[in-house]
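Heads up, the thing below is written out as structure tokens.
Nothing fancy with the numbering, it's 1 onward along the sequence.
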Amino acid sequence: MILGIDTSLGTAVAVVDRDGAVRADRASENPLGHAEAISTLLVDALTDAARGPIGQTGAAEEVALTHVAAGMGPGPFTGLRVGIAAARAFALGRGIPVVAVPSHDAAALGALLSAALADPFGDPPRFAVVTDARRREFAYSVYDGLDDDGIPVRAAGPALAPRAEIDDVLAGIAGERLDVTAIPAAMVATLAARALAAGRELTGPEPLYLRAPDVTLPAAPKRVGA
């Protein structure tokens with residue numbers, strides 16, 4: 001089983017079997033308070049997962065986690081760090097690896113799976129996942145369906161655009177705009193499972209901030225001659 005954690009927008013935690021069955025899915029859509037919410041959501045998700053896949057009421061069993069999937073953003077600095085730190089600390093405590101997942105890719109996977117359920121024979125159009133990056137900016141990534149491994153094909157992004165200009169930016173590269181207000185942790189874990197099955201790395205270990213942090217190291221003091 002894979003534990004998925006994402007705090008790029010709200011705070012979300014899920015547990016998913018390697019075959020895609022969702023065992024637990026807990027979330028807080030509050031864009032703040034990640035540190036206050038994450039521990040409770042972790043406890044609740046692991047408790048739910050012990051009862052079997054969602055919709056079943058079997059006897060509680062041990063939750064045997066093999067990986068932790070961490071949503072790497074894009075997202076605001078502080079919130080994103082909370083989820084990544086929680087994922088790494090949890091994985092360290094269990095002695096299991098962390099799988100880094102771009103949060104926009106997880107949102108795209110959810111949208112593409114929903115579209116496939118609605119129209120199994122349809123050809124999904126190119127679309128852009130758009131999220132609030134604050135400071136009067138949006139973050140966006142553009143997608144062209146799923147590849148042979150069932151992983152969203154990212155055609156552009158992640159990148160930033162001013163709120164007033166986002167539609168003009170997308171006009172030339174995306175067919176539809178999908179505004180996302182929450183990243184489903186179940187899709188973070190599911191995407192991690194697909195990447196593991198395909199032997200692929202979706203992104204590196206560094207968070208996808210898209211902008212420089214506000215706090216920088218001070219310059220070295222000037223040397224004063226004798």
Side-chain angles (χ1 to χ4, degrees), residues 4-12 14 27-32 34 69-84 87 99-116 118 122-147 149-192 194-195 200-214:
I5 298 174
D6 191 277
T7 55
S8 61
L9 292 174
T11 306
S28 168
E29 295 186 2
N30 185 351
L32 304 175
H34 304 283
M72 305 302 287
F77 181 90
T78 302
L80 198 55
R81 292 294 296 184
V82 170
I84 295 171
V99 180
V101 175
S103 301
H104 279 187
D105 289 9
L109 178 61
L112 288 164
L113 293 180
S114 295
D123 188 13
R126 171 176 281 201
F127 67 96
V129 169
V130 178
T131 56
D132 185 4
R134 302 183 187 172
R135 301 189 193 172
R136 300 180 182 178
E137 290 181 311
F138 283 119
Y140 69 90
S141 298
V142 180
Y143 295 90
D144 278 323
L146 298 172
D147 63 19
D149 295 322
I151 294 173
V153 178
R154 190 175 343 119
L160 290 175
R163 293 193 183 193
E165 300 174 15
I166 183 66
D167 288 329
D168 292 336
V169 170
L170 296 178
I173 58 176
E176 297 182 5
R177 170 177 167 174
L178 176 63
D179 287 278
V180 173
T181 58
I183 303 295
M187 290 296 102
V188 173
T190 299
L191 188 52
R194 294 186 176 196
R200 291 170 56 180
E201 183 179 274
L202 300 176
T203 188
E206 295 303 317
L208 301 171
Y209 292 133
L210 302 187
R211 62 165 71 99
D214 291 332

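- Here the shortest heavy-atom pairing between G150 and L109 reads O-CD1, 3.8 Å.
- Remark: T190 pairs with no residue by the side chain to side chain donor-acceptor pair (under 3.5 Å) rule, at least two apart or across chains.
- D147 meets the side chain to side chain donor-acceptor pair (under 3.5 Å) test with R200; sequence neighbours excluded.
- Nearest heavy atoms, V188 versus G71: CG1-N, 4.0 Å.
- Contact between G145 and P124 at its shortest, heavy atoms only, is CA-CG, 4.2 Å.
- In terms of the salt bridge (Lys or Arg N to Asp or Glu O under 4.0 Å) criterion, residue partners of R177 (sequence neighbours excluded) are, by chain and number, D167, D179.
- Identified under the salt bridge (Lys or Arg N to Asp or Glu O under 4.0 Å) test for residues 100-116, with sequence neighbours left out: D105-R154.
- Counting only heavy atoms from C-beta outward, the side chains of D149 and R194 never approach each other to under 4.5 Å.
- To the nearest 0.5 Å, atom CG of residue L202 and atom CE of residue M72 are 11.0 Å apart.
- Rounded to the nearest 0.5 angstrom, T181 OG1 and D132 CG are separated by 10.0 Å.
- Contact detail for A189 and A69: the closest heavy-atom pair is CA-CB, 4.0 Å.
- For R126, the side chain to side chain donor-acceptor pair (under 3.5 Å) partners at least two apart in sequence or on another chain are D144.
- For the pair E176 and P125, the tightest heavy-atom approach, listed with the atom from each and the gap, is OE2-CG, 3.5 Å.
- For Y143, the ring-ring contact (aromatic ring centres under 6.0 Å, His included) partners at least two apart in sequence or on another chain are F127.
- Here the straight-line distance linking atom CG of L191 with atom OG of S103 works out to 10.0 Å at 0.5 Å rounding.
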Item to check | side-chain contact (heavy atoms from CB on, under 4.5 Å) assessment of I173 paired with Y140 | outcome: CA-CA 11 Å; I173 58 176; Y140 69 90; 3.9 Å; yes

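- Interatomic distance, H104 NE2 to I183 CD1, rounded to the nearest 0.5 Å: 6.0 Å.
- In this structure, V130 and L170 have side chains that are in contact, with non-hydrogen atoms separated by less than 4.5 Å.
- Under the 3.5 Å distance criterion, with hydrogens and angles disregarded, a donor-acceptor pair is assigned to the side chains of S8 and D6.
- With values rounded to the nearest 0.5 angstrom, T78 atom OG1 is found 10.0 Å from L32 atom CG.
- Between P31 and R134, the shortest heavy-atom distance links the atoms O-NH2, 3.0 Å.
- With values rounded to the nearest 0.5 angstrom, L80 atom CG is found 9.5 Å from L9 atom CG.
- With T7 contributing its side chain and G83 its backbone, the two residues share a donor-acceptor pair below 3.5 Å.
- Contact of the E137 side chain with the L210 side chain is not registered, since no non-hydrogen atoms from C-beta on lie closer than 4.5 Å.
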